[in-house]
Amino acid sequence: MKNQGLLITAVEPNSIAAELGLKPGDRLLSINRQPVRDIIDYRFLIAAEELVAGVLTGAGEAWELEIEKDYEEDLGLDFGEHAFGPTRTCHNRCMFCFVDQMAPNMRPTLYIRDDDYRLSFWQGNFISLTNVKDEELQRIIHQKMGPLYISVHTTNPELRRRMLNNRHAGKIMDQLRQLAAGGIEMHTQAVLCPGVNDGQEMERTITDLAGLWPRVHSLAVVPVGITKFREGLHNIRTFTKEEAAGVVATVENYRQRFLARWDYPFVYASDEFFLLAEKPIPPAEYYADFPQTENGVGLVRLFWDEWELAEQDLPRQMLKPRTVTMVTGVSAAKILQQVADRLNQIKGLKVKLVVVPNKFFGETVTVTGLLTGQDIIDALTGKDIGDFLILPSVVLRDEEDVFLDDLTLADIEHRLKVPVRAVTGPQQMVETILAD
């Protein structure tokens with residue numbers, strides 16, 4: 001019993017749990033005779049107004065606590081990092097897996113390949129469903145774990161088995177049908193590899209998944225990412241400009257059909273495809289309710305819309321002359337250059353844009369979010385940066401000032417001898433540049 005249930009790490013003062021005498025170190029085993037395996041079980045089971053909680057105290061005593069509360073009122077328990085227990089990892093060997101292309105000797109967390117349906121529900125991680133058993137599908141349906149985010153890639157069973165290198169991968173449509181019949185909303189993605197699952201295979205995937213609308217609510221089509229660390233891996237290349245344009249055109253053809261049928265576009269080409277094809281970024285209407293921004297679908301449009309608002313309040317002249325440098329990856333260079341050109345129309349302001357090639361992962365990787373601290377240092381060493389350097393916050397780990405190569409903002413400041421500011425979008429960028 002000491003390894004069962006959820007370990008309590010904190011108890012909120014004046015909460016129900018505090019009144020019952022629960023303390024950190026106690027373990028919640030069950031609610032209404034149902035085992036509590038993780039935080040999802042806990043949230044699902046405490047919705048009732050009358051509970052019987054099974055607890056193992058830190059002293060080894062077994063308690064059974066009867067609780068009356070308001071509907072969905074919380075007990076005041078925190079389970080910290082133990083809320084999910086061990087993360088279920090991926091057993092696929094996908095031909096395009098980015099983790100397999102990671103540089104050696106980086107921090108261990110960058111090599112973790114999670115494939116946990118609970119994290120898909122809880123925080124929007126994409127999963128393959130290859131390690132989900134039938135009883136777990138039933139749990140998802142019973143506990144209404146939606147929306148889920150699912151990496152489909154192809155609905156061709158044999159091709160999916162080959163792409164994921166997993167004999168269980170071919171049953172994806174049966175799994176999606178079961179979830180759809182159970183009322184679970186799903187958002188899907190297809191990472192396209194040229195000559196593998198694009199072309200007619202992509203069209204099959206779009207058609208099959210659209211057949212499960214509205215439960216399968218969206219499909220994002222994303223180009224494969226290739227780094228220089230592919231020794232011994234499957235031979236895959238990146239998309240050409242012409243191929244990317246073809247993907248955009250095909251997706252648009254299907255989008256128009258779905259708009260006419262459902263008044264909803266369903267399928268989206270990612271921003272990377274538009275940038276690769278050198279096509280204009282569509283208006284906001286293209287993205288409907290922006291269901292997959294975390295997958296790089298519509299982020300550029302959101303950037304442009306925010307920039308247009310920020311641009312309205314730009315001054316004609318700086319109170320004090322200032323020179324700043326902004327950094328971007330290759331794919332966003334044309335977008336940021338237009339912003340820099342407009343800012344340079346402000347008298348007394350000089351904005352320099354430096355496009356940083358990705359030497360760490362290889363120059364086939366062009367997205368800004370995968371730039372490393374060392375590549376930024378190499379690109380800027382010896383240059384006149386000005387009063388300070390502006391970096392997009394996507395180059396940093398969430399809520400931390402750390403790059404992928406474990407350099408920090410302080411390291412950049414020390415090496416380049418200039419203040420560094422990380423910004424989250426156009427509005428913060430403008431406020432930072434104009435600040436007194």
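Side chains are part of it too, since the values below use all heavy atoms of this structure and drop only hydrogens, waters and symmetry mates.
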query = Residues in side-chain hydrogen bond (donor to acceptor under 3.5 Å, both in side chains) with Asp134, at least two apart?
reply = Gln178
NZ/NE/NH1/NH2 to OD/OE distance under 4.0 Å, Glu278 and Lys241 = yes
With sequence neighbours excluded, residues passing side-chain hydrogen bond (donor to acceptor under 3.5 Å, both in side chains) with Asp289 = Tyr264
message = What I want to find out is whether Arg177 reaches Asp174 closely enough, with some N-O distance under 4.0 Å, to be called a salt bridge.
response = yes
key: Minimum-distance pair of heavy atoms, taken over all atoms of Tyr286 and Arg255   = O-NH2, 2.8 Å
message = Strictly below 4.0 Å, N to O, side chains only: are Arg88 and Asp114 in salt-bridge contact?
response = no
ask   = Do other residues, nucleotides or ligands put more than 12 heavy atoms under 6.0 Å from the CD atom of Glu81?
value = no
query = Any idea how Trp213 and Trp262 line up, ring-wise: parallel (<30°), tilted (30 to 60°), or perpendicular (>60°)?
reply = parallel
task = Would you please name every residue forming a side-chain hydrogen bond (donor to acceptor under 3.5 Å, both in side chains) with Arg415, sequence neighbours left out?
result = none
key: Results of side-chain hydrogen bond (donor to acceptor under 3.5 Å, both in side chains) for Thr154 - residues two or more places apart only   = none
For residues 28-35, which side-chain donor-acceptor pairs fall under 3.5 Å, sequence neighbours excluded?
unit_1: Asn32; atom_1: OD1; unit_2: Val52; atom_2: N; d: 2.7
unit_1: Asn32; atom_1: ND2; unit_2: Glu50; atom_2: O; d: 3.4

request  = Answer yes or no: is there an ion pair linking Arg342 with Glu311, defined by an N-O contact shorter than 4.0 Å?
outcome  = yes
inquiry  = Is the terminal nitrogen or CZ of Arg257 (NZ for Lys, CZ for Arg) located under 6.0 angstrom from the six-membered ring centre of Tyr254 and within 45° of that ring's axis?
reply    = yes
ask   = Taking NZ, NE, NH1 and NH2 as the nitrogens, is one of them in Asp74 or Lys69 under 4.0 Å from a carboxylate oxygen of the other?
value = no
request  = Determine whether more than 12 heavy atoms belonging to other residues, nucleotides or ligands lie under 6.0 Å from atom CD of Glu400.
outcome  = yes
inquiry  = Quick check: closest heavy atoms across Asn92 and Ser128, and the distance to 0.1 Å?
reply    = ND2-OG, 3.0 Å
inquiry  = Taking the basic N atoms (NZ, or NE/NH1/NH2) and the acidic carboxylate oxygens, is any pair closer than 4.0 Å for Asp406 and Arg397?
reply    = yes
ask   = Is a salt bridge present between Arg301 and Asp271, judged by a nitrogen-to-oxygen distance below 4.0 Å?
value = no
inquiry  = Taking Arg139 first and then Asp38, would you say they form a salt bridge - that is, a charged N and a carboxylate O separated by under 4.0 Å?
reply    = yes
request  = Decide whether Asn295 and Gln189 meet the rule of one side-chain donor and one side-chain acceptor closer than 3.5 Å.
outcome  = yes
key: Test item: side-chain donor near acceptor, Glu306 and Trp304, under 3.5 Å   = no
key: Nearest heavy-atom neighbours spanning Arg113 and Cys97   = CD-SG, 3.8 Å
request  = Could you list all the salt bridge (charged side-chain N to carboxylate O under 4.0 Å, His left out) pairs where at least one residue sits in residues 230-240, not counting sequence neighbours?
outcome  = Arg237-Glu243
ask   = Is it the case that Glu136 and Asn131 place a side-chain donor and acceptor less than 3.5 Å from each other?
value = no
